[in-house]
Each structure stands twice: as C-alpha cells, then as structure tokens.
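Small disclaimer: the values here were computed from a predicted structure and weren't measured. Read the numbers this way: they start at 1 and go in the same order the structure lists the ligands and their atoms.
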Amino acid sequence: MPELPEVEVTRRTFAERIAGATIEAIRLGKPLRWPLGIAAQALVGRTVLGVRRRGKYLLVDLDEGVLLLHLGMSGSLRFRDAFPAAGAHDHFDLATTRGVLRLNDPRRFGAVVYAPAEDSAPAVKLLGRLGVEPFSDEFDLDTFHARLRRRQAAIKHVLLAGDVVVGVGNIYASEALFLAGIRPTLRASGISRPRAERLRQAVRQVLARAVERGGSTLRDFSNAHGEVGLFQLEAMVYDRAGQPCHVCGTPVRSIRQGQRATYYCPGCQKA
Ligand SMILES: [Zn+2]
C-alpha cells in the first residue's frame, strides 16, 4: 500500500512538470472508490497551478477548484508526454498541454475527487480529520506531547491512527519507536516530554529517509513496491522477528496489535 513517503515521491515525479498546464481532456475508466464529483468536461480548459500533498492525498490545485487524488491500496500515477491506449487497470487520465497524468489502480480503492475549494465539503470530508504533517512546523514538541498525554491507547495505535500526526504507517511506526527506544505497547499518555521529543525526531527521520530512498531509487513509480522492499532491507526491526537487534543483539520480537504486526527489540525498548 502506498504510504506517505511513496505519495511524496510520486508528487515530486510530476509536480514541477505539470504546473502551468491546461487541462485538455479527462478520461474516466471504471468507477474508483468515490465519484469525481463534477462533469469531467467542466474541467477542460482549467489550469493546473501546482501539486501539494496532505497526508496520503495529492492536491492538484486548479485555477478554479482542486482535484484530490488518493492511491488507495494499489494505485500508481505516471506522468508522460503520451500513453498507449488505456489498459484494463488505467482508470483515470488527465490530459494536459504538458503531458498526461495516468492513474493505474488494479484494486480500485484509489480515488480522484473534485472539490470547489480546500475548505469546501467534499475536501473537508476527506482531509478534515487528518493530523499534522510530520515535516511541518505544526509538528512541534508542545503540541505533540500534549496530544499524547490525552491518549490512553498504546503509542503504536496512536501513531497509526493518523489524527495526531499523519503518515506513520505500520512499518514506519515500528521503526520510529525503535529509534526512540519506546516500547510500542506503552500508553501514549505515559510518554515523558524528553521521550516525546525523541519520538518526534525519529518519526521525521524515518519518513525522510524513506522519501530519500524513494527519490534516489525510483525513476518510475510503477516500481513502488520494489521501493518499499528496499526500505525494508535497511529496517532495524520491521519484519525481523527472531533476528538479532542491530544495536544490542537481542532477538527482535513480533507481537500483534490491533490485527497489525509490531516489531520491537526488548533490549533497546524496555518501556
Ligand atoms: Zn536492541
């Protein structure tokens, strides 16, 4: 599943090239998770101002309105001068004067949704409950620690929930907690201020490295799954159950938390 780093890498592959383009045509394939929300024809002639990311959504800003793109479970976006005829899993083409943006999504949990503005109902419905961006100034220690103090759930759950900070998927949660030396089962409310700061830094570090790896190894986002594999190769604990910790040699342990696998080192993450 594409996580925040893959979505950010995707954004960087086409954001600059598509900025300033005029929409010439839109082709819709099979229905995606949600309908477009506007007649495709109504978008023809509008200009793309730029592409931002919010959580796992890409926001394609138009001179009037915004397109929200989500990659779902299996989606990938490519931007090229032209494409061959659409294949069975190509469900959205945005043809512009600078090239064509194509969404391929075999499982069709992805979506392209139009909203008249970022604060209009269709956008708020999708973006309204997202936590702060991990690389933004809003992800500061005071706010982060205050929000953790209010939560009785295990810290791993709180990270995954995405309403405190977005983008910390299952792999990244295990890795960040390892770097911060925090046991994934610890109640969020029990995390001290210095440890919250270590965790904040660790979240940023893990996500930044994943973006960097994606950026340096990915020319074409159709290789997204290979990129995740590459990141996993250098994982400290994720998917390493029973293997010695790279830091202290203690065997890495695997537990289930809310149906998801969690990995941690009992030596480095004592509490
Ligand atoms: Zn260890």
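For the Zn ion (ligand 1), the set of protein N/O/S atoms nearer than 2.8 Å consists of C245 SG, C248 SG, C265 SG, C268 SG, ordered by chain and number.
Inspection of the Q257 and T262 side chains reveals an N or O donor paired with an N or O acceptor under 3.5 Å. No hydrogens or angles considered: a donor-acceptor pair under 3.5 Å links the side chains of Q201 and E197.
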Step by step, work out the side chain to side chain contact (heavy atoms under 4.5 Å, CB included) result for V7 and H70. CA-CA 9 Å; V7 176; H70 196 285; over 6 Å; no
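A cation-pi geometry, defined here as NZ or CZ lying under 6.0 Å from the six-membered ring centre and within 45° of its normal, holds between R102 and F83.
A distance below 6.0 Å separates the ring centres of F144 and F139.
Other residues, nucleotides and ligands contribute over 12 non-hydrogen atoms within 6.0 Å of the CD atom of Q152.
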